[in-house]
Amino acid sequence: MYSKFKLDRRDLLKGAALSIGTVGTLSACDQQQVAPKPASAKTKKPGIIGLDGRRVLPWSNWSGNQKSQPTLKKVPRSEAELVDLIKGAKQSIRCVGAGHSFSPLVPTDETLISLARLRGISNVDKVSKQVDIQAGTLLSKIGEPLWDKGLGLINMPDIDTQSLAGAIATSTHGTGNHLGSMSSDVVALELLDSNGEKHRCSAEQNSDLFYAACNNLGVLGVVTKVRMQAREKYLLKEESYVLRSSEAFEYAEQLRDDNRHFELFPFPHGDYIVVLLINETTEKAQGTTQLNIEQGEERDEAFRQVVKWTDAMPWLKSWIINMGLNSVEESVRIDRSYGIFGNLRNMRFNEMEYSVPAEKGLECVKEVMAKIAELNIDVVFPLELRYIKGDDVWLSPFYQRDSCSISCHNFQGRDYKNYFAAVEPIFWKYSGRPHWGKIHTLNADSLAKLYPKWQNFKDVRQQMDSRNLFLNKHLNALFVS
Ligand SMILES: Cc1cc2nc3c(=O)[nH]c(=O)nc-3n(C[C@H](O)[C@H](O)[C@H](O)COP(=O)(O)OP(=O)(O)OC[C@H]3O[C@@H](n4cnc5c(N)ncnc54)[C@H](O)[C@@H]3O)c2cc1C
């Protein structure tokens, strides 16, 4: 078997930010971001007075690469209020969850609706282990109440700050050879069409709507409730360590098959890869395992140092990154399932992700790494490789295909466009399907070729939104014009 890389050098980059829990946390290295300049009175833009006579602040997504100026922002207090809003709509509506999508799914200069007041778990069936959850509920608010009922979600992404409806809308996923995306754990949905009419759907009832709605991009209407398949509650043990790249790739498929969750973080310009394994355990939970603020800041600072040094001495980039990885300690965490999945992300980044056929994943990621090296692309942020089980959701990137997702990131404030443009064609070569919530440049024609049910989805969209209410420029170009 392989030998774990030496992890005892703590002098350089103490607590290096390259450890698993911080791969995303350590993203935005820009100092400007840490200490933003206060807007002077002169440069401060006045808010826009919206259609309802109130001041409307601009909207921006999590990473700041998507911005818009809605003329109306609404946060309905009840479903009845939401229905009235839809029925009385005089301009287009986009729903926003937690604003964690990097692609232009949400931006609108017309009406923006949030379901932030329609949250909570409304019903738990302990026999079927199915739970009804209000669409606006944040993933971070699901784990504990379910635990109290003896249940847990089957799988989750690597953060828990998204809303449930937002996560479902884009087939948000975690990793696990035998585990699907969150959309594949949906049992039934309720949504309002552009006339304010409520539709219920499941695999048995309105099945076309169901297979469309489980990855709906917010273009079929407003989702109000989601029934999720859960399971009995469980503890997880997460282990992470560093391997030489050659060994990590050699043993990747074995590790994938032998562990409930498996993930790789290959470092551009580096010779090592961080490996993450998560499995069920009966060992005692260690309590809160999330990084506390102080640890997070220490790690952020360590990573800023790496980036600062690679900026200052680009000819030593590989050496600095390898030394940083050399200081990463092997780590073990045990916690309730939801405590392990939900990582902190204090610092910001932009991301592109494609899913390729599972058996092509390693070949594809090696090609991406080679391209980064060949063009000497200025990136320190690791790639991320995960496995997801295929499903039957029409616009799921995992539609009828066991998949390997590969993500490329760069820190907020640093160039990501040239980086992504250089590697995106590699994903196309492998018939990659982009994550709907992340950056990509595919148009309707290219996407239609990747999705056998593209036209079926468009037909359902037309039925649900005959008024073309739930569109913005980006989605109009994909599904209408
Ligand atoms: C730090 C970070 C980490 C991430 N990690 C992962 C990960 O591990 N795995 C992964 O797959 N993705 C990941 N993502 C991507 C993210 O999970 C998806 O983009 C997700 O869709 C965002 O959910 P949200 O609640 O923020 O929704 P938003 O981004 O606000 O909206 C997404 C879509 O949902 C629609 N929508 C929201 N609410 C409703 C509603 N009630 N009815 C109808 N439509 C609605 C919106 O209109 C939009 O089309 C990550 C993103 C970030 C920023």
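Remember, it's 1-based here, ligands and their atoms both numbered in the order they're listed.
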- prompt: Does the N or O separation between H173 and ligand 1 drop below 3.5 Å for any pair?
  reply: yes
task: Decide whether N215 and S171 meet the rule of one side-chain donor and one side-chain acceptor closer than 3.5 Å.
output: yes
query: Going by distance only, is there an N or O of L105 that falls short of 3.5 Å from an N or O of ligand 1?
result: no
- prompt: With atoms numbered from 1 as shown, which atoms in ligand 1 lie under 4.0 angstrom from a non-hydrogen atom of S101?
  reply: 18 (C), 19 (O), 20 (C), 21 (O), 22 (C), 28 (P), 29 (O), 31 (O), 32 (C)
task: Would you mind finding which of V219, V106, L192, L115 brings a heavy atom closest to atom 31 (O) of ligand 1?
output: V106
query: If hydrogens are left out, which of T172, D160, I168 has an atom nearest to atom 20 (C) of ligand 1, that is, the closest non-hydrogen atom?
result: T172
- prompt: Which value, rounded to the nearest 0.5 Å, describes the distance between S183 atom OG and L395 atom CG?
  reply: 10.5 Å
query: Are any of the N/O atoms in S171 less than 3.5 Å from those in ligand 1?
result: no
statement: Filtering I159, N472, L189 for the heavy atom nearest atom 4 (C) of ligand 1 leaves I159
Side-chain ion pair, E81 and K74, N-O less than 4.0 Å: no
From the candidates R348, M156, H100, the one that places a heavy atom nearest atom 26 (O) of ligand 1: H100
- prompt: Checking R433 against Y399: charged group under 6.0 Å from the ring centre and within 45 degrees of the axis?
  reply: no
query: Judged by non-hydrogen atoms, does F102 sit under 4.0 Å from ligand 1?
result: yes
query: With a distance cut-off below 6.0 Å to the six-membered ring centre and an angular limit of 45° from the axis, does R231 pair with Y234 as a cation-pi contact?
result: yes
message: Please compare A165, G97, S114 and report which has the shortest non-hydrogen distance to atom 39 (C) of ligand 1.
response: A165
field: Region of S163 engaging ligand 1 - heavy atom pairs below 4.0 Å
entry: both
- prompt: More than 12 heavy atoms of other residues, nucleotides or ligands under 6.0 Å from CZ of R467: is that the case?
  reply: yes
query: With a 4.0 Å cut-off on heavy atoms, does K438 reach ligand 1?
result: yes
message: Between F102 and W436, is the ring centroid distance below 6.0 Å?
response: no
Contacting atoms of ligand 1, where contact means under 4.0 angstrom from a heavy atom of T170: 18 (C), 20 (C), 21 (O)
message: With respect to C95, determine whether any N or O atom, backbone or side chain, lies less than 3.5 Å from an N or O atom of ligand 1.
response: yes
field: Minimum non-hydrogen distance to atom 50 (C) of ligand 1, winning option of H474, Q162, Q66
entry: Q162
query: Say you draw a straight line from OG of S194 to CG of L469; how long is it, rounded to the nearest 0.5 Å?
result: 6.0 Å
field: Where ligand 1 meets R386 - atom numbers and elements under 4.0 angstrom, heavy-atom basis
entry: 7 (C), 8 (O), 9 (N)
statement: At under 4.0 Å between heavy atoms, what of R94 touches ligand 1? The answer is side chain
message: As an exercise, identify every atom of ligand 1 less than 4.0 angstrom from a heavy atom of V96.
response: 30 (O), 37 (C)
- request: For L217, counting its heavy atoms only, list the atoms of ligand 1 lying under 4.0 Å from any of them.
  value: 49 (O)
query: Taking atom NZ of K473 as the centre, does the number of heavy atoms from other residues, nucleotides or ligands within less than 6.0 Å exceed 12?
result: no
query: Is there a nitrogen or oxygen of F349 sitting under 3.5 Å from a nitrogen or oxygen of ligand 1?
result: no
message: With a 6.0 Å cut-off on the ring centroids, do W454 and F479 count as close?
response: yes
- prompt: Looking only at N/O atoms, are G99 and ligand 1 under 3.5 Å apart anywhere?
  reply: yes
- prompt: Would you say the side chains of H409 and N350 form a donor-acceptor pair under 3.5 Å?
  reply: no
- prompt: In terms of residue, atom name and distance, what is the protein heavy atom nearest to atom 41 (N) of ligand 1?
  reply: V223 O, 3.0 Å
- prompt: Which residues pass the ring pair (Phe, Tyr, Trp, His ring centres under 6.0 Å) test with F249, sequence neighbours left out?
  reply: none
message: Less than 4.0 Å is my threshold; does some heavy atom of G174 fall inside it relative to ligand 1?
response: no
statement: Between N279 and R260 the two heavy atoms that sit nearest each other are OD1-N, 2.8 Å
message: Show the atoms of ligand 1 that are less than 4.0 angstrom away from any heavy atom in A169.
response: 33 (C), 34 (O), 35 (C)
message: Side chain, backbone, both or neither: which applies to W436 and ligand 1 if a contact is any heavy-atom pair less than 4.0 Å apart?
response: neither
field: H435 and Y354 aromatic centres sub-6.0 Å
entry: no
- request: For ligand 1, find out whether one of its N or O atoms is nearer than 3.5 Å to an N or O atom of V222.
  value: no
- line: Result for side-chain contact (heavy atoms from CB on, under 4.5 Å) between H261 and one of N177, I340, L179 points to L179
- prompt: Is it the case that R256 places NZ or CZ above or below the six-membered ring of Y387, under 6.0 angstrom from the centre and within 45 degrees of the axis?
  reply: yes
field: Any N or O of P157 closer than 3.5 Å to N or O of ligand 1
entry: no
task: Can you pull out the closest protein heavy atom to atom 24 (P) of ligand 1? Residue, atom name and distance to 0.1 Å, please.
output: A98 N, 3.3 Å
task: May I ask you to check whether E353 has an N/O atom sitting below 3.5 Å from an N/O atom of ligand 1?
output: no
- request: Could you see which bit of L220 sits under 4.0 Å from ligand 1, with heavy atoms only: side chain, backbone, both or neither?
  value: neither
query: Less than 4.0 Å between a side-chain N and a carboxylate O, is that true for E353 and R386?
result: yes
- prompt: Would one find an N or O of H435, backbone or side chain, under 3.5 Å from an N or O of ligand 1?
  reply: yes
- request: Decide if atom CZ of R117 counts as having more than 12 heavy atoms of other residues, nucleotides or ligands within a radius under 6.0 Å.
  value: yes
